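Below, all heavy atoms of this structure are taken into account, side chains as well, without hydrogens, waters or symmetry copies. Because the structure is predicted, anything quoted here is derived from the model rather than measured. Naming convention: chains lettered A, B, ... in sequence-line order (proteins, then strands); numbering from 1 in each chain.
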Number of protein chains: 2
Amino acid sequence: MAETASPEQARTLSAAVLRDLRDDIVNCRLRPGDKLRFSDLKARYGVGLSPLREALQHLAAEGLVDAQDQRGFTVAAMSVDDLQDLVRMRLEIESLTLTDALSCGDDAWESEVVRSAHHLRLTGPATEQAGPDAAAEWCRRHKNFHMTLLSGSSSPRLRNLCDALFDQSERYRLWLILHGTVARDVEGEHDTLMDAALARDTARATALLKQHIQQTADEVADLTATQAALAAA
Amino acid sequence: MAETASPEQARTLSAAVLRDLRDDIVNCRLRPGDKLRFSDLKARYGVGLSPLREALQHLAAEGLVDAQDQRGFTVAAMSVDDLQDLVRMRLEIESLTLTDALSCGDDAWESEVVRSAHHLRLTGPATEQAGPDAAAEWCRRHKNFHMTLLSGSSSPRLRNLCDALFDQSERYRLWLILHGTVARDVEGEHDTLMDAALARDTARATALLKQHIQQTADEVADLTATQAALAAA
DNA sequence: TCCGGCAAGATTTTCGAAATATTGGAAAAT
DNA sequence: ATTTTCCAATATTTCGAAAATCTTGCCGGA
């Protein structure tokens with residue numbers, strides 16, 4: 001379990017474990033709230049304590065794990081409140097970054113956007129039918145498309161922040177998929193978003209992106225409302 | 001050197017070293033670009049490798065140190081470009097957070113704001129005359145005032161982010177002080193900012209805060225321009 | 001003189017064991 | 001019955017040595 005999650009090879013065990021741990025948390029193979037015992041992690045990743053502790057400290061700073069002195073580490077919890085906080089930040093930060101990307105992005109950026117959009121389209125329709133491998137591949141391409149779009153920005157801090165916030169959001173999107181919420185017309189949303197971006201239509205692009213982000217929050221709200229209704233009945 | 005930097009005591013060596021390292025970097029006792037050799041750090045902080053590496057990984061995720069696989073860690077560099085990126089983010093993020101604080105802050109928050117403002121005023125006029133200890137104390141109270149103002153916000157992520165960005169800015173402010181730039185009427189700026197905040201005048205408060213942040217960037221720009229002129233002559 | 005390769009030294013990274021702290025439960029006391 | 005205390009089991013944290021990797025300076029050859 002948990003072999004190389006992304007093709008880039010790490011030059012240290014610490015970096016490799018960081019990558020694998022983040023991937024396992026983002027994809028809920030390590031579930032929210034789980035206690036991260038070193039004996040378990042050692043066996044799971046086949047490394048010693050030093051690289052594990054370093055990776056966990058890094059993830060603690062990123063917000064994907066909680067650290068408590070002398071009491072170890074746990075996977076960061078998920079909650080409706082947390083999702084609202086997360087979505088609020090993404091709405092503001094990603095709009096800002098996208099605006100910057102539209103004013104800074106050059107020809108190479110445009111081409112990369114087109115490439116990543118096409119790459120994503122190629123796995124699109126098969127999401128439901130194909131196995132978990134195909135779903136994982138779609139997630140990778142989906143993230144790549146969004147990050148490529150934002151990569152035109154000239155601010156390293158904004159780009160990093162968007163990346164971290166996207167990872168945190170992935171757990172909530174996965175939760176929706178696991179509970180059978182049928183995706184809306186995501187394909188179309190990506191296409192129109194890309195069109196607005198390439199046309200440098202800032203107002204339209206940010207509006208579309210905000211809508212795209214907000215809908216995850218709304219769907220989770222619907223789902224929890226439905227579950228509450230079911231529980232009451 | 002580098003004993004307890006802040007009163008809160010850490011329950012692990014890792015946390016203590018993280019606190020001290022961050023403090024030493026923010027206050028430029030470890031200078032931008034410096035290589036952080038483990039042999040040096042071991043002697044400086046009197047701890048083994050494990051807590052050091054954990055603290056460095058944490059700071060790498062925060063952005064105060066750069067990590068390169070198999071080639072150790074360095075203090076994050078400073079540059080005019082970096083300052084512009086930093087200021088741009090602070091302008092947006094802190095405005096957002098302050099807006100939220102003004103709409104969420106309760107009585108306890110208001111009282112804390114008044115307390116921290118008064119606490120800051122008490123060290124104000126002595127900044128120039130008194131020694132480095134007094135200057136360090138003013139920095140602590142200054143940060144405490146700004147963070148208290150923003151602490152009314154309901155978003156943990158925004159509050160954390162503001163804290164990290166403030167720390168990163170401190171190095172640039174210190175750089176200005178070291179190069180003898182006389183501070184403008186900072187006292188007055190803090191007072192008017194607090195007044196606007198307590199009056200829940202969002203537009204005025206965010207405008208004042210943005211001005212406050214922007215001026216550091218402008219002063220650095222002036223200073224580098226002056227230095228360039230001197231170098232040319 | 002300049003360039004590539006190689007060996008010696010320095011530095012980072014990793015592991016296994018020792019030290020320290022927490023937790024759960026049984027026994028004693030209220 | 002409830003609370004308190006103690007002890008053993010479990011888990012985390014830290015250190016020091018060993019392994020892996022990088023850097024530096026030297027040497028021989030073009």
_More than 12 heavy atoms of other groups within 6.0 Å of A/K35 NZ_ = yes

*asked:* Please check if the number of heavy atoms outside A/H179 that lie under 6.0 Å from its NE2 is greater than 12.
replied: yes

*Would you kindly give the CZ-to-C1' distance between A/F73 and D/dT12, to the nearest whole Å?*
9 Å

*Side chains of B/S154 and A/R88: is there a donor and an acceptor less than 3.5 Å apart?*
yes

*Using atom CZ of A/R53 as one end and atom P of D/dC15 as the other, report the distance to the nearest whole Å.*
11 Å

*Check step by step if side-chain contact (heavy atoms from CB on, under 4.5 Å) holds for A/H146 and A/S169.*
CA-CA 13 Å; A/H146 277 277; A/S169 299; over 6 Å; no

*Let me know, please, whether B/S50 or B/L36 comes out on the 5' side of the other along DNA chain C by nearest nucleotide.*
B/L36

*Rounded distance in Å - CG (B/D69) to P (C/dT11)*: 19 Å

*With sugar-phosphate meaning primed atoms plus P, OP1 and OP2, does A/S39 contact a base, only sugar-phosphate, or nothing at under 4.0 Å between heavy atoms?*
nothing

*For B/Q70 and D/dA19, what is the distance between atoms CD and C1' respectively, to the nearest whole Å?*
11 Å

_Using whole Å, what does the distance between atom P of nucleotide C/dT11 and atom CG of B/L41 come to?_
12 Å

*Taking atom types as modelled, is there a side-chain donor on A/T123 or A/E137 under 3.5 Å from an acceptor on the other?*
no

*Within less than 4.0 Å of OP1 or OP2 of C/dA21, is there a side-chain N or O belonging to A/R71?*
no

*Mind calculating the distance between CG (A/L56) and C1' (D/dT13) to the nearest angstrom?*
13 Å

_Selected nucleotide, minimal atom distance to B/P51 side chain, candidates C/dT14, D/dC15, C/dT12_ = D/dC15

_Separation of D/dT13 P from B/L18 CG (nearest whole Å)_ = 13 Å

*Would one find a side-chain N or O of A/R37 under 4.0 angstrom from OP1 or OP2 of D/dA11?*
yes

_Is the phosphate of D/dA20 approached by A/R11 (side-chain N or O, under 4.0 Å from OP1 or OP2)?_
no

*What's the CG-C1' distance between B/L49 and D/dT14, to the nearest Å?*
10 Å

*OP1 or OP2 of D/dA11 sitting under 4.0 Å from any side-chain N/O of A/K42?*
no

